[in-house]
Structures are given as structure tokens and as C-alpha cells.
Trainee: 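Dropping a structure here in C-alpha cells format, bear with me for questions.
Counting starts at 1 for both ligands and their atoms, following the listed order.
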Amino acid sequence: MTTLESLSPCNNIGPVIPTTPLITFLERVQETALDTFGKKGFDPKLYVDLSLKFNLSTTEKAFDGLPRNENGNVLVKDLEEFIATYFEDEGDDLVYYDPPDFVPEPDGFLPEVENLEVREWALKVHSLWKNLSRKISGEVLKQPELHTLLPLPEPMIVPGSRFREVYYWDSYWVIRGLLASKMYETAKSIVTNLISLVNKYGFALNGGRAYYTNRSEPPLLSAMVYEIYNRTGDMELAKAALPALLKEHEFWNSEMHKVTIQDAQGSNHILSRYYAKWNKPRPESSTIDKQFASKLLNVSEKQQFYREVASTAESGWDFSTRWMRNPSEFTTLATTSVLPVDLNVFILKMELDIAFLAKETGEESLAENFLEASQARKRAINSIFWNEKMGQWLDYWLTGSTTCQETWKASNQNQNAFASNFSPLWINLFNSDTTLVKTIMRSLQSSGLLCAAGIATSLKNSGQQWDFPNGWAPLQHMIVEGLVRSESQEARSLAEEIAKRWIRTNYIGYKKTGVMHEKYNVEKCGEFGGGGEYVPQTGFGWSNGVVLAFLEEFGWPQDQRIDC
Ligand SMILES: OC[C@H]1O[C@H](O[C@H]2O[C@H](CO)[C@@H](O)[C@H](O)[C@H]2O)[C@H](O)[C@@H](O)[C@@H]1O
């Protein structure tokens with residue numbers, strides 16, 4: 001039997017998008033800052049987010065002229081003074097923006113939320129859109145070369161805390177919340193920005209910084225357009241989005257993202273994987289990546305490791321044992337060797353959405369082509385990922401040939417439980433089959449993932465943030481929405497139960513800390529999550545979005561308590 005440890009990557013090559021002299025310089029400042037200030041409270045991302053006050057050569061000259069002690073280190077006071085003199089404060093590249101479509105209590109806001117305590121909190125969560133609303137500062141538009149922030153045409157909603165810029169897949173759940181908040185204009189602005197990124201770079205970037213140009217994130221642009229269009233009928237948006245969606249579809253179905261695989265019956269299928277165009281440390285976490293890579297022997301091993309790290313960031317699940325050959329050794333990350341269930345679900349959704357939008361805008365033959373593409377991907381998802389015995393769709397580990405073409409083997413399915421194994425349920429093609437939904441429900445209920453305060457990301461407590469006991473808003477939402485959309489009453493009840501557990505933990509967490517969190521601990525109601533390479537963040541875009549979307553779907557009766 002093939003073990004995950006023995007599988008080798010499909011290949012170890014691929015393009016690399018060049019970095020910029022500004023990023024290279026800021027990474028040097030980041031490294032010096034770690035040496036000077038020490039590890040405690042150190043966030044490497046802060047340094048690559050700083051804007052220059054003067055041009056790069058002046059700043060570099062001043063930096064190179066800083067006095068160094070006998071160990072080659074810069075003194076704390078000298079570095080502090082240098083930073084204060086030559087850089088703007090972090091976050092100055094974005095400015096607060098008062099969203100014109102925000103009102104404290106919109107007409108028809110969450111009509112089914114009757115309980116006053118819950119309603120009051122929902123209005124507070126709604127008001128957080130104001131805190132997270134930003135536009136690009138005039139300085140960035142005037143002198144983009146002094147900033148790593150990328151200029152974008154419209155205002156945006158950021159996740160919060162250290163995530164000062166817009167993020168790609170976060171935006172889907174932000175938009176779901178904005179729609180519940182009736183903030184259609186703000187929702188459209190986010191999509192317009194993402195379309196502008198696709199038009200410029202050929203894909204939607206991980207986030208709105210120059211160091212994110214080498215990778216994307218889980219592709220949900222079509223789903224954002226679909227949701228906005230369904231509420232507003234905005235034909236102008238549908239028409240503007242279609243060409244960008246076609247480009248994005250090509251990005252995920254070509255070059256290194258594309259893998260051909262032959263199933264047990266001899267039919268070929270095309271599926272997609274994550275594959276970043278990068279083989280160096282991530283600038284926003286450069287000191288961390290270099291530290292891990294120091295365990296590896298040669299340049300090519302290091303480059304492969306860096307590519308895996310960046311590809312994992314592209315998956316949105318950074319980091320998780322889901323992508324490791326050996327769950328206790330971080331340097332065994334091998335994301336490019338995995339065909340992920342959820343990525344292919346997102347692309348299937350993209351195909352269905354493109355078909356829908358093409359039909360709406362009168363492009364019949366385009367609609368037909370994409371319906372066919374969606375049927376092919378559905379067949380591929382069933383042939384490669386579905387595991388009848390487990391009643392789940394499982395990630396598939398590639399054994400590796402340089403042509404990225406290989407034959408399916410049952411033993412290459414990853415049998416570990418991950419919340420993503422249930423993600424196909426989100427798609428109507430799957431949730432409309434009530435017999436299938438029943439099988440999946442049983443499987444979810446016995447998987448161990450369903451916990452007191454939500455669905456766990458995995459069953460492995462590795463210390464990584466996309467593992468047990470963390471639960472993430474997007475994963476709760478996709479599974480709950482899939483269950484709700486099915487016609488089974490039993491599925492709807494389970495969906496409601498999961499949503500209520502999630503709402504409760506978010507509420508109690510908010511009451512205890514006064515903020516919304518990026519992730520939660522699904523074992524303990526009211527506790528936020530931890531682990532990973534940065535301290536837990538608050539704000540927080542997608543958590544707010546999912547709470548509002550759940551409250552819109554399920555409401556909260558007058559007499560139902562919200563405590564744990
Ligand atoms: O700085 C480390 C990494 O941080 C980001 O990832 C996490 O936050 C994102 C924003 O909420 C979210 O989209 C992602 O799923 C999280 O894991 C960033 O996206 C990474 O590229 C970055 O290396």
C-alpha cells in the first residue's frame with residue numbers, strides 16, 4: 001500500500017513572478033528588526049507593510065549607514081529612530097472610508113431575529129462594517145512606488161488587525177454579511193476591485209499587496225458576483241464580471257494548476273491544484289520561512305519547500321496537517337502534490353456561475369460550454385474524490401510524474417477527516433440528491449468533526465491554525481448552507497443546530513472580549529482559536545459576515561436563550 005510519506009510531488013518546477021526592489025529592501029529591514037527587537041511580539045508582516053517617506057535609494061542609504069555593534073546588530077534606539085524617520089506608520093496607506101450605504105438599522109434588517117439581546121448584538125456586528133471599511137490613500141495613488149499596498153479603484157472591507165488590506169476568499173463571506181446588512185454598493189465595490197486585479201494580473205491575488213502577486217486564494221469571485229446579482233439584478237456587474245471570470249477560469253485550468261488523472265475505468269479527468277508562482281520565503285513571513293528552511297540541506301530542497309509554503313497560502317488553509325506528508329514535520333509540506341476537494345468545488349461553482357451569468361447576459365453558447373465543463377468536473381469529483389465507504393469526498397495525493405498525468409489509486413485518497421471533505425455539499429448538483437445528503441449527514445455526525453461549538457477543521461491537534469480545535473467561519477457556512485439547500489427536513493435541522501452553536505460561540509466570545517475573532521475553538525463555547533504563525537486576530541470580516549448570514553437564514557426566536 002502506498003503511504004502518504006512515500007508519495008513524491010507531481011513536479012518541482014514552475015514559473016516564479018519576480019519580486020520588487022522595495023520588497024527585497026523591506027525584507028532586509030524585517031530581518032534586522034528581528035535581530036534587534038527580538039522574537040517577543042515580533043510580527044514580520046508589519047515591516048513589509050510599511051510605506052516609505054522618501055525614495056528607495058535614500059532610504060536604503062540611510063539603512064546601510066546605521067551603526068552596528070561588534071555582533072553586526074543595530075541598536076534598538078537607532079533602529080526605532082530610523083523607522084520613525086523613514087517610514088509612515090503601518091496602516092497609513094489605507095484610510096477610513098464612511099460607507100455611503102451604511103445605516104445603523106437598515107429597513108428589513110434580519111426580520112427573523114426577535115430576541116432583543118441577539119438583535120442588539122447583530123446590530124453591533126453590522127456596525128463593524130464601518131470599522132473595517134477603507135479606501136486606498138491618496139499618497140499610494142500619487143506615488144505607488146513607495147508602497148507595497150496595491151492601488152485599487154474602489155473602497156473595500158478588510159478582515160481586521162494585521163490584515164490591513166483586502167483578502168480574496170475572505171471577501172465572499174464579507175459580501176454575504178454585507179448583503180444581510182443591505183450594503184449592496186459596498187459589496188459591489190469589493191467585486192469591482194477583484195475584477196480589476198484579474199484584468200491586470202490574470203487572476204485574483206491572495207490579497208492587495210505587491211508581495212501577493214505570485215499566488216491566488218480559493219477562487220470565489222464568481223460566487224460573489226452570483227450572490228450580488230441575485231439580490232440586485234445588476235446587469236452591468238454581470239457583464240463586467242464575465243470576461244474576468246473567463247480569465248480566472250483559464251488561470252486555474254492551465255499550466256501548473258492543471259492535472260490530468262485517469263480513473264479506475266480508464267476515463268481521463270482534468271482537475272486543479274494549488275501551485276504558487278514563487279520559490280522563495282514569503283516576504284510577509286520571511287524570517288519564519290527561512291528558519292524552517294535552515295533544516296533543509298540544499299538550494300533545490302529549500303526552493304521546493306518555499307514553493308509548498310506559498311502554495312499552501314494559496315489554499316487559504318495556511319497551515320494544516322492536511323498538506324503535510326508527516327504531520328509532525330512542517331518542512332514536509334507538499335501542497336502541490338494534493339488534488340484538493342474544496343478547490344475543485346470552488347471551480348465547479350465558478351463553472352456553474354459562469355453558465356448562469358452567460359445565460360442572463362444572452363451568451364447562450366458560452367452558457368452551454370460551461371454547463372458541459374461543470375458536468376465534466378462533477379464526474380471528476382465523483383470519480384477521484386468520492387469514497388463510498390466513508391461517505392465523504394477525500395483529497396487525492398498525486399504520486400508524481402513530470403507530465404502531471406497519472407492513474408488513480410484508491411490508496412492515494414487521504415482518509416483523514418477534514419471539514420473540506422464535506423464541501424461538495426455546498427453545490428446544488430450534490431445537495432439536491434436527498435439520498436446522498438443522508439449518507440453525508442451520517443458521515444459528518446460520526447466523523448468527530450462536529451463539536452460543541454461548531455465544526456472542527458480537522459481531527460489533528462498540531463498547533464497549526466487550520467487544524468483541531470480551530471473552527472473557521474467559511475467552513476461552517478459552506479456545510480450549513482449545503483445542508484439547508486437540500487430538501488431534507490433532517491438536513492435543515494442539522495444545519496440549524498450547527499449554525500446556532502456557531503452563533504452562540506461568536507456571541508459569548510464577543511461578550512467576553514468585546515470583539516469578533518478570526519477563528520474559534522470548537523471545543524469550548526465562547527473561546528477563540530489559536531496556533532499558527534501569528535497571534536489570533538480580531539475584527540473580523542468573515543466571522544461577522546457568517547454570523548449575519550446565519551441570522552438572516554435562521555433568525556432567533558424571542559424565547560430562545562443565547563448562552564452556552
Ligand atoms: O501572514 C501569514 C498569512 O496570512 C494570511 O492567511 C490567513 O489570513 C487570511 C486573511 O484572513 C486568510 O485568507 C487565510 O485563509 C489565513 O490563513 C495570508 O492569506 C497568507 O498568504 C499569509 O502568508
Side-chain angles (χ1 to χ4, degrees), residues 17 23 26-27 30 42-49 90 132 148 150 156-175 177 190 194 203-221 274 276-278 280-290 292 306-320 322-323 330 333 335 340 342-343 346 419-420 457-458 464-467 470-478 516-520 528-546:
I17 302 267
I23 295 173
L26 293 174
E27 284 184 72
Q30 177 194 84
F42 183 75
D43 185 352
K45 182 174 183 294
L46 185 141
Y47 299 92
V48 291
D49 290 357
E90 76 266 19
L132 299 172
T148 57
L150 298 172
M156 64 203 74
I157 298 287
V158 300
S161 310
R162 81 195 282 270
F163 298 116
R164 302 171 191 95
E165 51 286 311
V166 73
Y167 280 78
Y168 181 17
W169 78 317
D170 299 51
S171 297
Y172 174 72
W173 289 281
V174 165
I175 285 174
I190 296 173
L194 292 170
F203 61 96
L205 309 184
N206 181 152
R209 293 263 170 202
Y211 51 77
Y212 285 142
T213 54
N214 55 55
R215 58 176 181 265
S216 188
E217 254 200 339
L220 284 161
L221 179 57
Y274 293 108
K277 298 180 183 197
W278 191 239
K280 297 186 190 72
R282 290 164 301 154
E284 75 281 17
S285 302
S286 180
T287 47
I288 302 172
D289 292 355
K290 280 187 192 155
F292 278 111
Y306 292 140
R307 192 181 292 279
E308 297 300 348
V309 170
S311 301
T312 313
E314 186 170 71
S315 82
W317 281 49
D318 44 333
F319 293 95
S320 168
R322 182 177 171 199
W323 315 112
F330 187 67
L333 266 184
T335 309
D342 47 357
L343 171 60
F346 297 137
S420 49
T457 311
S458 78
Q464 299 297 344
Q465 61 168 356
W466 287 86
D467 267 321
N470 285 347
W472 293 81
L475 304 177
Q476 318 298 316
H477 184 257
M478 284 179 71
M516 293 291 287
H517 297 266
E518 173 199 28
K519 52 193 178 257
Y520 289 85
F528 56 88
E533 66 179 28
Y534 54 82
V535 295
Q537 302 296 299
T538 59
F540 196 91
W542 60 22
S543 302
N544 308 350
V546 169

Trainee: Write 'none' if nothing qualifies; otherwise put on separate lines each N/O atom of ligand 1 with a protein N/O atom under 3.5 Å away and their distance to 0.1 Å.
Mentor:
unit_1   : atom_1 : unit_2 : atom_2 : d
ligand 1 : 1 (O)  : Arg162 : NH1    : 2.9
ligand 1 : 6 (O)  : Asp318 : OD2    : 3.3
ligand 1 : 11 (O) : Asp170 : OD2    : 2.6
ligand 1 : 13 (O) : Trp169 : NE1    : 3.2
ligand 1 : 13 (O) : Asp170 : OD1    : 2.6
ligand 1 : 13 (O) : Glu217 : OE2    : 2.7
ligand 1 : 15 (O) : Trp169 : NE1    : 3.1
ligand 1 : 15 (O) : Gly316 : O      : 2.6
ligand 1 : 17 (O) : Gly316 : O      : 3.3
ligand 1 : 17 (O) : Asp318 : OD1    : 2.4
ligand 1 : 17 (O) : Gln465 : NE2    : 3.4
ligand 1 : 17 (O) : Trp466 : NE1    : 3.1
ligand 1 : 19 (O) : Asn206 : ND2    : 3.1
ligand 1 : 19 (O) : Glu217 : OE2    : 3.3
ligand 1 : 21 (O) : Asn206 : OD1    : 2.7
ligand 1 : 21 (O) : Arg215 : NH2    : 2.9
ligand 1 : 23 (O) : Arg282 : NH1    : 2.9
ligand 1 : 23 (O) : Glu284 : OE2    : 2.6

Trainee: Run the numbers on Glu533 and Lys45 for salt bridge (charged side-chain N to carboxylate O under 4.0 Å, His left out), then give the verdict.
Mentor: CA-CA 11 Å; Glu533 66 179 28; Lys45 182 174 183 294; over 6 Å; no
Trainee: Grab the two heavy atoms, one from Asn214 and one from Phe203, that are nearest each other, plus how far apart they are.
Mentor: C-CZ, 4.5 Å
Trainee: Using every non-hydrogen atom in the two residues, find where Lys519 and Tyr534 come nearest and quote the distance to one decimal.
Mentor: NZ-CE1, 4.0 Å
Trainee: Please check if any side-chain donor atom of Thr312 sits under 3.5 Å from a side-chain acceptor atom of Asp318, or the reverse.
Mentor: no
Trainee: Using a 4.5 Å cut-off on heavy atoms from C-beta on, say whether the side chain of Pro218 contacts that of Tyr274.
Mentor: yes
Trainee: I'd like to know if the side chain of Ser286 and the backbone of Pro281 have a donor-acceptor N/O pair within less than 3.5 Å.
Mentor: no
